[in-house]
*Asks:* 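If you scroll down you'll find the structure; I have some questions about it.
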Amino acid sequence: MADVAGPSTPSRKRSRWDDDEDNTPPVEKPVQKRRTKSKPPAAGDTRTPERSATPTVPPQNASSRARPHHSLFVPPRTAHPPLVPSRSVYCYERLNSIEEGSYGVVFRARDKETGDIVALKKLKLEEEKHGFPITALREINALMVCKHENVVGIREVVVGDTLTQVFIVMDFIEHDLKNLLSIMPSPFLQSEVKTLMLQLLSAVAYCHERWILHRDLKTSNLLMNNRGTIKVADFGLARRYGDPVGVGGLTQLVVTLWYRAPEILLGATTYSTAVDMWSVGCIFAELLLNEPLFQAKGEIELISMIFKLLGPPTKETWPDYNTMPLAKTMTLPAPHPAQLRQKFPYITAAGLDLLSRLLAYDPDRRISAEEALKHPYFSESPLPKHPDLFGSFPSAAAGEKRRKPDSPSAPVRAADYKLLTEFD
Amino acid sequence: MSTALYPLASLAQIRNTPSRADGIPEDLELDLRAYGCKLIHEAGVLLRQKQVAVATAQILFQRFWYVTSMKQFGIGDVGMGALYLASKLEECPIRMRDLINVYDLLLQRAAHKLKHPPAPAASTSTTLTRTVTHDFKYVPMSYFGSTFYDLKDALVVAEMQILKRLGFNVNVVLPYGTLVNYLRLLGLTEREDVSSRAWGYLNDALQTPVYALYAVPTIVSAAILLATRHLGIALPSSPESCWWELFDADWEDVWSVAGYIMRLYRERSPQDQARVLGLVSKKAVRAWLDDHQPIAPRS
């Protein structure tokens, strides 16, 4: 949806970036140009025209037969997608690899038909003893269910020659927030933090509304394009929540350590949406601090860091603390109040209130994404900045390099700094 | 509730299913679909699997035959793959070995039934199965034999093919919640017989292709229609105020779904019953095609 709304902005920024970059290898250039040209016809429809046109009943039929008002919950028969087999991966041309993780490799690729640049995530399927991995199923399902402006869009799933080659095709997004934070010369402004948080919260609210837990929210899983929009990505640990919970409850082996909620650390097997909200709190803090909030090496260290920052849990802040499976193994430090104000001296009272609600001990009382969206922090000055006013940066994932400084005299850090401000 | 739209077969896919294009007659295809779903159901019962997983498997199974011919894959293998996949989708995975054992038993039982057809004197279907199971004895797979590994390979391939041929869109919406809502709206929750009958029709409809053809509200309306008509309960049905319009269902569609369901209960000849038992594998289907279509249908 977002891509439909603003195709003009990106192409302008893109081309300016192209002009700036004189020393790119010649192969890259036509790719970029082709993309901007062929984008408009494809923009209206995310699927390729050929695929959606053939099998469905022509929509005129439906409108002429016109039962005037359909319930919102019962879309017309023609709105349902047809049964379409997966296309071949050879519909895409491989450009460069973006990153490799435990789950597989991510490539940047181009749709041969439309010229769209996409990200192809290859699933690792070689050593599967239980057929198609359930985690990959959850990821694909979650992405298909959570179609939202701030969730990375899944286009399709394509297959290679053998049954072990499966690729998830997603929209290509230039940056991840983690990388961006590390190359940015200064942290985000308050107005920018608000915009990012609103986007993140609306994505999380959307997923939770559709019964999906993300379970791995962190800055490196938030992608950001050059139009100031972030997209939640990597649903590799996502799963449906609610009833039934599944055999043996939910696993504690979720969420990257630094973003892991205290109830998971203490062995809960029935956690819910609140674990994502804790991660959102950690991300909020990271945006403010320009570095991760809890950089612990192990679970014990993480717990003690949390206790130190927020004060140990009390009967007030976490009534059910003692029912947690691992609570008995913990020794609580001497009670002391939360140190949030000392850690975040420059944030407003409303901002601190939101942070403390996100980092609330009691999962039942932790603020929900829906509530957080209405928090006064977002309506006080400075107001959230319009996404179009965000700066753009060279994309490491697209293989774009920062221009080498012309004058080699300055020390490395200073040169870097100067260079980055140029793009602001 | 997920609002993502579940896929339904397109007009072209309905007009000429891949199996029909390969020369399998329509009634045989419907019989095989129904029998494949019965096997899934029986396996689900034996595995004590949850009904949500079994129903999801049956719906995926029905969808699959709109993109694949029964000449290419057997209903046994695909049913097994569908149940395995659906169990993961519904967060209640089952062990491969358990599933394979259960299917081996079901297939052996089918083969036995085919070899020793029940005495024609027996009248009701319940006594039929009873006499059959009496002399049927299951022989477990040999530990060192290849049966297990053959079935396992077939299972893995079937699961992957279902995913691939359905474009990995395995979003399934089950009808039960909608039925409860509609019965509440119609003020029928007091009549337990209506609820249980309609619920039963929804389950039986899983053996027909309707879940791959129509939206859930239409199918639920058909189940309510059948239940209320059988029990003689009048609902507003004259033009201007037809109850199914409340649920955005078209009369023609509701009637068609009801027809699909009622067709399941018609009297079948012993030949028809025996025919499906022998066509569980693609090999058997191919042999059947060779026998029955000496004149090639293709020009």
Side-chain angles (χ1 to χ4, degrees), chain A residues 51 54-58 61 65 67 69-87 125 128-138 140-141 144-147 154 156-159 162-164 166 168 209-212 239-247 250, chain B residues 1-14 50 52-53 63-68 81 84-85 87-96 152 155-171 178 181 212-218 245-250 253:
Chain A
R51 291 175 72 212
T54 33
T56 32
V57 186
N61 259 8
R65 224 170 46 159
R67 215 178 22 229
H69 27 257
H70 254 285
S71 150
L72 188 65
F73 300 101
V74 186
R77 168 69 170 84
T78 44
H80 288 267
L83 301 168
V84 192
S86 290
R87 295 199 299 165
L125 297 177
E128 290 308 328
K129 287 198 182 94
H130 307 284
F132 195 76
I134 190 167
T135 47
L137 278 177
R138 288 171 178 164
I140 293 168
N141 267 344
M144 284 191 172
V145 168
C146 299
K147 298 262 185 199
I154 184 169
E156 59 179 326
V157 180
V158 294
V159 289
T162 68
L163 287 180
T164 57
V166 177
I168 304 179
E209 204 181 297
R210 273 149 194 81
W211 303 98
I212 303 284
R239 67 164 284 173
R240 256 171 37 190
Y241 70 95
D243 219 24
V245 171
V247 184
L250 304 170
Chain B
M1 276 281 146
S2 143
T3 51
L5 283 169
Y6 43 95
L8 294 172
S10 70
L11 205 55
Q13 286 164 337
I14 299 166
K50 294 192 171 100
V52 283
R63 285 182 191 168
F64 185 75
W65 303 117
Y66 284 107
V67 283
T68 308
Y84 190 59
L85 175 61
S87 301
K88 290 185 204 167
L89 291 173
E90 292 300 325
E91 300 291 348
C92 42
I94 42 179
R95 285 179 58 207
M96 226 182 231
K152 186 181 160 182
L155 167 57
V156 172
V157 168
E159 182 192 35
M160 202 58 219
Q161 287 290 347
I162 295 170
L163 283 169
K164 188 178 147 183
R165 284 160 191 258
L166 297 180
F168 286 81
N169 188 349
V170 284
N171 183 11
T178 308
N181 276 338
L213 300 177
Y214 296 99
V216 165
T218 305
E245 282 179 4
L246 194 59
F247 308 132
D248 295 291
D250 281 323
D253 295 345

*Asks:* Under a 4.5 Å cutoff for heavy-atom pairs, which residue among B:L89, B:V170, B:V216 has the most contacts with chain A?
*Replies:* B:L89
*Asks:* Tell me, please, which residues at least two apart from B:K164 pass salt bridge (charged side-chain N to carboxylate O under 4.0 Å, His left out).
*Replies:* none
*Asks:* Pick one of side chain, backbone, both or neither for B:I14, based on which atoms fall under 4.5 Å of a heavy atom in chain A.
*Replies:* side chain
*Asks:* Would a 4.5 Å heavy-atom cut-off, applied to side chains only, mark A:L137 and B:L163 as touching?
*Replies:* yes
*Asks:* So which part of A:V158 gets closer than 4.5 Å to some heavy atom of chain B, the side chain, the backbone, both or neither?
*Replies:* neither
*Asks:* Would you give the length of the straight line joining atom OG of A:S86 to atom CE of B:M160, rounded to the nearest 0.5 angstrom?
*Replies:* 7.5 Å
*Asks:* If I take atom NE2 from residue A:H130 and atom CD from residue B:E159, how far apart are they, to the nearest 0.5 angstrom?
*Replies:* 11.5 Å
*Asks:* If I measure from the heavy atoms of chain A, does B:Y84 come under 4.5 Å with its side chain, its backbone, both, or neither?
*Replies:* side chain
*Asks:* Find out whether A:P81 and B:L5 are in side-chain contact, i.e. whether some heavy atom of one side chain is under 4.5 Å from a heavy atom of the other.
*Replies:* yes
*Asks:* Nearest 0.5 Å, please: how far is CG in B:L8 from CZ in A:R77?
*Replies:* 4.5 Å
*Asks:* Just by modelled atom types, is the B:Y6 backbone N or O under 3.5 Å from a matching donor or acceptor in the A:H80 side chain?
*Replies:* yes
*Asks:* Taking only residues two or more places apart in sequence, or in another chain, which ones meet A:F132 in a ring pair (Phe, Tyr, Trp, His ring centres under 6.0 Å)?
*Replies:* B:F168
*Asks:* Between B:E91 and A:R240, does any NZ, NE, NH1 or NH2 come within less than 4.0 Å of an OD or OE carboxylate oxygen?
*Replies:* no
*Asks:* Just how far is it from atom CD1 of A:I140 to atom CG of B:N169, taken to the nearest 0.5 Å?
*Replies:* 10.5 Å
